[in-house]
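First up is the structure itself, then whatever we jot down about it.
Quick caveat, the model's predicted, so the values are computed rather than measured. FYI, side chains are in, hydrogens and waters are out, and symmetry mates aren't considered; it's all heavy atoms of this structure.
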Amino acid sequence: MLATPERQKPSVEPGAPTILVVDDSRINLKGVSRMLEGHFNVLTAESGPVALGIAAADPRPDLILLDVMMPEMDGYEVIQRLRASPVTRDIPVIFVTARVNDEDEQHGLSLGAADYITKPLRAAILLARVKSHLKLKQAQDELRTQNETLESRVMERTETLGAILDSADQLIAMITPDGALMAINRIGAEFFGSTPARLSGQNLFDLLPPEFGIRLADQIAEVLASGRSSEIDAANRGRIFHVTVYPVPGNPPRVVVYANDVTDKVAAEIELRREREQLAQSLAHQRELNRKLEDAQNQLLQSEKMASLGQLAAGVAHELNNPIGFVRSNVTTLEGYLTGIFEILRAYDDKAAAALPAPDAAELAALKKQKDFDFVHEDIFQLLSESKDGLTRVQDIVQNLKDFSRVGGAGWGWADLHACIDSTLNIIWNEIKYKCTVVKNYDPALPQVYCIASQLNQVFMNLLVNAAHAIPEKGEIVITTEHDATGTVRIHVSDNGVGIPEENFAHLFEPFFTTKPIGKGTGLGLSIAYGIIGKHHGTIDVASTVGKGTTFTVTLPVENTDDAAAAADAAAS
């Protein structure tokens, strides 16, 4: 007669593991249950069939303590049936028996038992064994869940990857070193007029023309030997393919082959290259035309500027020389007149002091004192002297204008560069005197230079004005000249202004390049200066440090006879 299971009420908190104790002895059942109560939910069964029913019902036990020797159905048959059912095959089973030998233990373990415990049982050992196998089961359950999740993800990603590969517009295949196709995408299979399933296992080299297959085999061997990807271009059926081979880590050795039809791309690149070459030729021609135009514009601007300066100097000289001449003459004559008048007045004073009555003499003396006659007598000649000095300065300015523009002598000739620099300074002095101190370090033995002096004046003016503009408030401009035994002179124009950023160096002498605000500069000064110095077979260099200042160095040969002869020939023709 089968005993009905005794389902005891849980004596622990909900969620505690459930243990099924199976024994045909009620005494043993009660003894084992007491050991487990307070730690686990305990279910009991007095026979194998009852145990099978409980194990398959909900809630399923987390572990089964199974007696081996039982009537009707022993423990070996019970565990076999538990393992045969997908519902109960993962429940760990611990055999509990009073006698066990190696053969019995080996037999039970081969049937799937997790452990053996011999009677009589001790609570500490029983609890330790049960807890250990419950932890092991929990870890196995978690591992099984993770494996199922990973398998699901792998399957999902495999399907996604397959869809991506099938949607690619290039051939993608995985092959072995000898060419056996392990996988190929839909586009690749259609290239061979087949399907991925039919091509699986076939040899890719057999599907390709010999010249293509041999190159691909060599490429694959190189990739496997080096462990690095490789790219080649190969032709097949009148089309050009760009083939890339990647090594796949692991065993067995294999590679992934990408083949992309680049026929249209290659044709487009050839056409684009041809159009670029034509465009480059057009641009080079256009740049040459622009360069010639810029040179012509620069020469025109320079000629116009120098002509304007010459006209200005001539006009100023013409308009001022005559007035200055007669004013100076008049002032000199006036000085003589006043000298005579004061001599007459002095004679009158002497006669009046003796002839006039005392009251009249005292009245005349009071009038002279009231009008400050003695001061006027002394100051009037100082005023006349200052006026003559002012007229002299005006004459010097006119002469400087003439020297700067070289009116009547604008061709090649020997010139004193110090005089050129001084005349240029006089011209621009009003612009720089309020913010700059000019220091001159002139070489006393500097030779004269064969040049076009008016053009060099233009260079010096541009360099000095730029130096003044580079000084924000107060600063210093240093002009240094020197020469050497090779027949070369150098003029250094230095300032302690803001300096020039390095990125602007490449553009300094380009026409219309300027860092000044709009309306403050045209960007032509240094360009014109560069052209003038080049015409004189010289060089112009720059060194600058941002925040410390800039130095322009003009280097000129002393002699320029070739240019002078060329200029004379041009003038004659």
Side-chain angles (χ1 to χ4, degrees), residues 3 5-71 73-85 87-145:
E6 296 181 7
R7 291 189 176 271
Q8 301 179 359
K9 295 181 179 179
S11 57
V12 294
E13 61 184 18
T18 299
I19 309 299
L20 172 59
V21 182
V22 184
D23 199 310
D24 58 343
S25 171
R26 291 187 177 181
I27 294 175
N28 290 339
L29 287 177
K30 290 181 180 179
V32 174
S33 297
R34 290 193 189 97
M35 295 179 187
L36 299 175
E37 288 175 353
H39 301 280
F40 309 102
N41 295 318
V42 182
L43 302 177
T44 60
E46 297 180 14
S47 65
V50 174
L52 293 174
I54 295 174
D58 288 324
R60 293 185 182 85
D62 296 292
L63 184 142
I64 299 175
L65 293 174
L66 179 60
D67 187 20
V68 176
M69 305 304 296
M70 293 186 298
M73 183 184 295
D74 63 10
Y76 296 135
E77 184 178 355
V78 173
I79 194 171
Q80 286 179 324
R81 295 195 180 189
L82 288 172
R83 294 294 175 260
S85 172
V87 176
T88 59
R89 63 186 175 191
D90 295 327
I91 301 175
V93 175
I94 299 177
F95 277 132
V96 180
T97 181
R99 60 184 182 85
V100 64
N101 53 43
D102 293 340
E103 294 181 358
D104 292 335
E105 184 174 359
Q106 184 176 0
H107 180 60
L109 294 175
S110 67
L111 294 176
D115 202 353
Y116 260 92
I117 301 179
T118 58
K119 298 178 182 178
L121 302 177
R122 285 184 289 177
I125 295 176
L126 177 63
L127 289 173
R129 294 282 186 88
V130 169
K131 290 180 180 179
S132 174
H133 285 286
L134 286 174
K135 289 181 179 180
L136 180 60
K137 180 179 182 298
Q138 181 181 5
Q140 291 174 341
D141 291 343
E142 291 176 354
L143 180 60
R144 188 181 303 108
T145 301

Spatial distance of atom [atom1] ([X]) from atom [atom2] ([Y]) [nearest 0.5 Å]:
| X | Y | atom1 | atom2 | result |
| --- | --- | --- | --- | --- |
| Gln106 | Leu111 | CD | CG | 11.0 Å |
| Glu37 | Ile19 | CD | CD1 | 12.5 Å |
| Leu43 | Thr18 | CG | OG1 | 6.0 Å |

Q: Mind jotting down which residue pairs meet the salt bridge (Lys or Arg N to Asp or Glu O under 4.0 Å) criterion with at least one end in residues 122-140? Sequence neighbours excluded, please.
A: Asp115-Arg129, Lys137-Asp141
Q | Derivation and outcome, side-chain contact (heavy atoms from CB on, under 4.5 Å), residues Ile125 and Leu121 | A | CA-CA 8 Å; Ile125 295 176; Leu121 302 177; over 6 Å; no
Closest non-hydrogen atom pair between [X] and [Y], with its separation:
| X | Y | result |
| --- | --- | --- |
| Met70 | Leu66 | CE-CD1, 3.9 Å |
| His133 | Ile94 | CD2-CD1, 3.6 Å |
| Ala45 | Val50 | CB-CG1, 3.8 Å |
| Met73 | Pro49 | CE-CG, 4.0 Å |
| Ala113 | Leu109 | O-CD2, 3.4 Å |
| Val22 | Ala51 | CG2-CB, 3.4 Å |

Q: May I ask you to say whether Lys119 pairs ionically with Asp23, meaning some side-chain N is under 4.0 Å from a carboxylate O?
A: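 Yes, charged N to carboxylate O under 4.0 Å.
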Where the side chain of [X] meets the backbone of [Y], is there a donor-acceptor pair that is under 3.5 Å apart?
| X | Y | answer |
| --- | --- | --- |
| Asn41 | Ala16 | yes |
| Arg83 | Gly112 | yes |
| Asp74 | Met69 | no |
| Ser33 | Leu29 | yes |
| Thr88 | Leu82 | yes |

Q: Check whether any side-chain heavy atom of Ile91 sits under 4.5 Å from a side-chain heavy atom of Pro61, and report yes or no.
A: yes
Q | Mutual orientation of the aromatic rings belonging to His107 and Tyr76 [parallel < 30°, tilted 30-60°, perpendicular > 60°] | A | perpendicular
Q. Counting heavy atoms not belonging to Ile27, are there more than 12 under 6.0 Å from its CD1?
A. no
Q: Tell me, please, which residues at least two apart from Gln140 pass side chain to side chain donor-acceptor pair (under 3.5 Å).
A: none
Q. With Phe95, which of Ile64, Leu65, Ile79 fulfils side chain to side chain contact (heavy atoms under 4.5 Å, CB included)?
A.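 Among Ile64, Leu65, Ile79, the one meeting side chain to side chain contact (heavy atoms under 4.5 Å, CB included) with Phe95 is Ile79.
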Q: I would like to know whether Thr44 and Lys30 meet side-chain contact (heavy atoms from CB on, under 4.5 Å); could you show each step before the answer?
A: CA-CA 9 Å; Thr44 60; Lys30 290 181 180 179; over 6 Å; no
Q: Tell me, please, which residues at least two apart from Leu127 pass side-chain contact (heavy atoms from CB on, under 4.5 Å).
A: Leu36, His39, Phe40
Q. Could you walk me through whether Val68 and Val96 pass the side-chain contact (heavy atoms from CB on, under 4.5 Å) check?
A. CA-CA 6 Å; Val68 176; Val96 180; over 6 Å; no
Q. Could you go step by step and tell me if Val32 and Leu126 meet the side-chain contact (heavy atoms from CB on, under 4.5 Å) rule?
A. CA-CA 9 Å; Val32 174; Leu126 177 63; 4.1 Å; yes
